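Here is the structure we will look at, set down as structure tokens.
Only a predicted model underlies this, so the values are computations on that prediction, with no experimental measurement involved.
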Amino acid sequence: MMIERHILLEKVPASMESVTRWLELWRDGDAEAIERVTALVYQDLRRLAEYHLKRESDVDLLQATALVHEVYLRMSSLRSIDWKGRPHFISVVTKMMRQILVDQARTRKAKKRDVGAVIEIPLIQEHRQLDTLAVDQGLERMAKHYPRCAQIVELRFFGDLDFSEIADVMNLSLATVERDWRFARAWLRKNMAGTQA
Amino acid sequence: MNSAYSDEERLRDLFQQASALGPEDRDGFTAEACGTNHTLRAELDELLAADAAALDEDFLKHSAIYNEAMEDAAARFAVGEIVGNYRLVEVIGRGGMGSVYRGERTDEAFEKCVAVKLIDAGFYSADLVAHFRAERQILANLEHPNIARLLDGGACADGSPYLIMEYVEGISPYDYCNQHNLTIAQRLQLFRQICSAVHYAHQNMVIHRDLKPGNVLVTAEGTPKLLDFGIAKVLRPSPSRKTVDLTQPGMLKMTARYASPEQIRGEAVTTASDVYSLGVILYELLTGHSPYGDADRPAHQIMAAVCDEEPARPSTRTPKLRGDLDKIILRALQKAPGDRYASVDQFSEDILRHLEGLPVLARGDAPLYLAAKFIRRYRVIVAAATLVLCSLVVGLVEVTLARARADRRFNEVRQLAHSVMFDYADAIDRLPGSTPVRARLVKDALTYLDNLSKEADNPQLQREIVDAYVRVSNVQGNEYENNLGDPAAALASAGKAVATAGELLRADRTPASLASAAEAFATYGDMLFSTGDLAATDRSYRRAIGLRQEIASESPQDLANNLALSALFRRMADLDGGFGWPNLGKTQDALIYDQQAKALVDRLIAQFPANQDVVNESYETLISLSTSEFTVGRRTDAASDLAGAIAQIEKVGAARPGDANVMVELAIAELRYGQFPLDSKSALPHLMRAAALLQQLLDADPHNAVYRRRQTVLEAEFGAVLRMEGQSRAGIAHDLRALSLAQALSHDAPGSVQYRSDVGVIEREVSEGLLAGSDKSGALQHAEQAEEILCGSKPAQPDPFTQAACGRAKLAAGYAYMASNNPGSAIAAFRNSESIAATLSQADLANAIFRADWARAEAALAGALASNGDNEEARTMYEGALNRWSILRQSQSLSAEDAHRAETAGQALASLRLKR
């Protein structure tokens, strides 16, 4: 399991210098440069998304691909960003994933409402899944008071990084990340809509 | 006081210190650290409690990607719910668009496990539902020991379909082989069983398209069972683009490792694609590896490899496979479909040949190899055989030359016959007055065809014969078209078409052959319908739809096929429900089929707004849809759709004056409009226009059965409308005319159930007309006639329409008894009528006509009971009737007549209550 979790970081650092260079080239107007970056990132993101889905259903390529495809498409809106190397890059990709996942959760919620009006049988859920939208909103509030904690949660929850990866990206010690994570989790549990018993 | 910022920082630091302590030390720590700052203390305590709760609940344990994936999968149904007669017990699988649950019967004491398949909410669309329904029957017919059976299907409360499948307990073939340490020969035998299931499905026109080990389970007894047969085809929109498009769901849903190159490229999927996927499965079963290396490669790399990379020889993984098995597997894995085995059967047989030590086909025609194998087996006989072979070759050459000469002559004759039967027949079809000519043509054509079919041995010729029988059958007795009114002969010809089509499909499954076969089944269905065998009609239409959809899945832009498909949907709608003809009483299904046809045609109209065939199909669809809408009580929609149809037909008619088909369409639409009156006044002008058109058609072609039947219905409708208008004398004249027309028609075509039922229905209308004119004995006599035809000599299971007609006949008889002061017989007749209507209405709740029948019968029974002094039951009956009328009123389906009846019944009930 840990092997797959590392995918996102394993490849990017190896070629990080060139990634940064390509991104700068792209920002300066070289259209081909972005294709080289995205090709690299695309594969890794895709593996990550596929990994999660593979564990549950047989192989559902649709969602994995759709997700990564979205990231790919949104890359084009990033041209004006001033790239500051790897941590910046990772955090930007994470923010994109966050936006996509939140959009997806919103769409699903809307669809559920539509169908719910027709079905008369009440839905019995075995266990409630954590609401992506609620986490998103909770994080926004947290960022006002505890920006570092909020970023850790973002990288972990939306970026799917583990603690050592986060420590690496944020240039913190592993212990700090773990301590902050625990606080952030408790804070979210206490302050997030819909989690009060 | 500290600033807000440091308060927050302090809270975090304290939390981190406290949470690092054991629970027993925390209270002391927090009390000391917070001192008198109670706010801080409270916040800290809450955070620590939240921390404990978060640990308990696995709060934030999974990432958002994980959560979203799970949410989607669990989107709709959950364990504990009841679908059909089954309770969902647990989730056993999740696919791209739906979930599979283990289910148990709710209505039986013993435990019977099934698998229940549902579409997830996010993927639920009218299109998908339509596919699901259409394929359900095909799947239900797949009965094979190695295929998990489809047991049942239906619709959930929201109309989305579900499937109930045989529940298979087993493990993947790969695991099974390894756990049982199967030898290569044993693995091959297991694999051949899988092949036999796939081959069987191919014979039944189902392509799996998604064969992979995940879709096969091997039971404890070692029997492999294929799951999801054909479902793949149902659930997956067919690829319409030629290049790989990552945003297209159909492409991504499949598992790249087992997909054939043509599937990945989005090209036509055929049985050869299944051959390919089976090849991958065999490769993996025998070597333990994917043909394209590491199975964990990213999907796009696998896709590229499937299209371009030559797979490694299986023997490079498992040396024992060198030789035949290398060749067999690689033959199945050829990139070009045409280079693979021609069928799954051939693939499987080649494995058998290998197992038996015979030469395998996969070796190709390499003469040395064949000879080596041959000589090894039959060392002794070879010498003699060589001699025989030489003489055979000489003989063959001679035969071939003679055959070529004969073929040329034969083809000339055939072409001439073909143009006579098709081109001329089509031209004649559009001319009024063509019936006698067509009869001659049919007689000649049949003689010719019967001779020809004995010699037919190639697909092209077989197709022509199928088409010709279909054409002949239509001319003989298709009630949808101009015909000679001979349903029995028409059925026989359609039967020949279907038989020939069956042979054709065994040899050839090109789109042209599929289309011919589909037409044969559609026509056979039409003929079965007019002879009253509705269950067989259903089967035949569904078969036709399956064939058409097979074509559509490969060429979604095939206009002729799409039009034929729409026409088939309309026929299914006619069969499932409707107004004025025998049907299966599935009103809601009928409406859905009509909507499906409408959706398809709307798409076609957008593409081809000026295409005449598309326009024709468009108004036909509107007419059919309006009928379904009327039946479910949507009268306003029905009227507006019909008006739309009439406008379209008029436009066509202006461009093609004198075209009999257009005239008859217009007459039908006008007649329908007269039959679906919002009020009787608006009906009359439409009926009159229809009458004028029909008269014109009949003047030119007096024997045409379609026109004659329309005229019969028209006259009866005139009678009913005039009676509503209070002109009972004028009405009865039309009723009697309708009766004599119907009797003549039934007399000329004694095999037609439809015509006979027409007579019964009109007898009943005559009875009602006579009663309105106070001719009690005449009314009773005709009502009894109606009863005899509609309720007597009935088939084992009369269809709902006939039952309803019988119920109405009994109602009319009851009225006649009442008028003749015979309340005893009246009550008995009304009771019968009420019970028939109640049964029908309860079985088809969407049907507004049945509900109205029920209310009328209840009110009539109530009236008779009240006059007999049985006030208690009379009240109950009135209440039932009023309840039903109020339901009809709420859905705007209450006719003016029934509104009047309801008012009278309300007053009667009120006075009954006063008496109590």
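- A:A186 approaches B:A50 most closely through the heavy-atom pair O-CB, 3.4 Å.
- Here the CD-CH2 distance, from B:E8 to A:W187, works out to 9.0 Å after rounding to the nearest 0.5 Å.
- The side chain to side chain contact (heavy atoms under 4.5 Å, CB included) check on B:Q595 picks up B:L591, B:I592, B:L625, B:R634, with sequence neighbours excluded.
- Under a 3.5 Å cut-off, the side chain of A:Y146 and the backbone N or O of B:E9 do not form any donor-acceptor pair.
- The stretch residues 175-183 of chain A places A:R179, A:D180, A:W181, A:R182, A:F183 near chain B, each with some heavy atom under 4.5 Å from a heavy atom of that chain.
- Note that CG of B:L47 and CG of A:L188 are 10.5 Å apart. Values are rounded to the nearest 0.5 Å.
- Taking the side chain to side chain contact (heavy atoms under 4.5 Å, CB included) definition, one finds that B:A53 meets it with A:R189, B:E57, sequence neighbours left out.
- Applying the side chain to side chain donor-acceptor pair (under 3.5 Å) test to A:E154 and every residue at least two apart in sequence or in another chain returns A:K95, A:R98.
- The side-chain heavy atoms of A:R185 and B:L55, taken from C-beta on, include a pair separated by under 4.5 Å.
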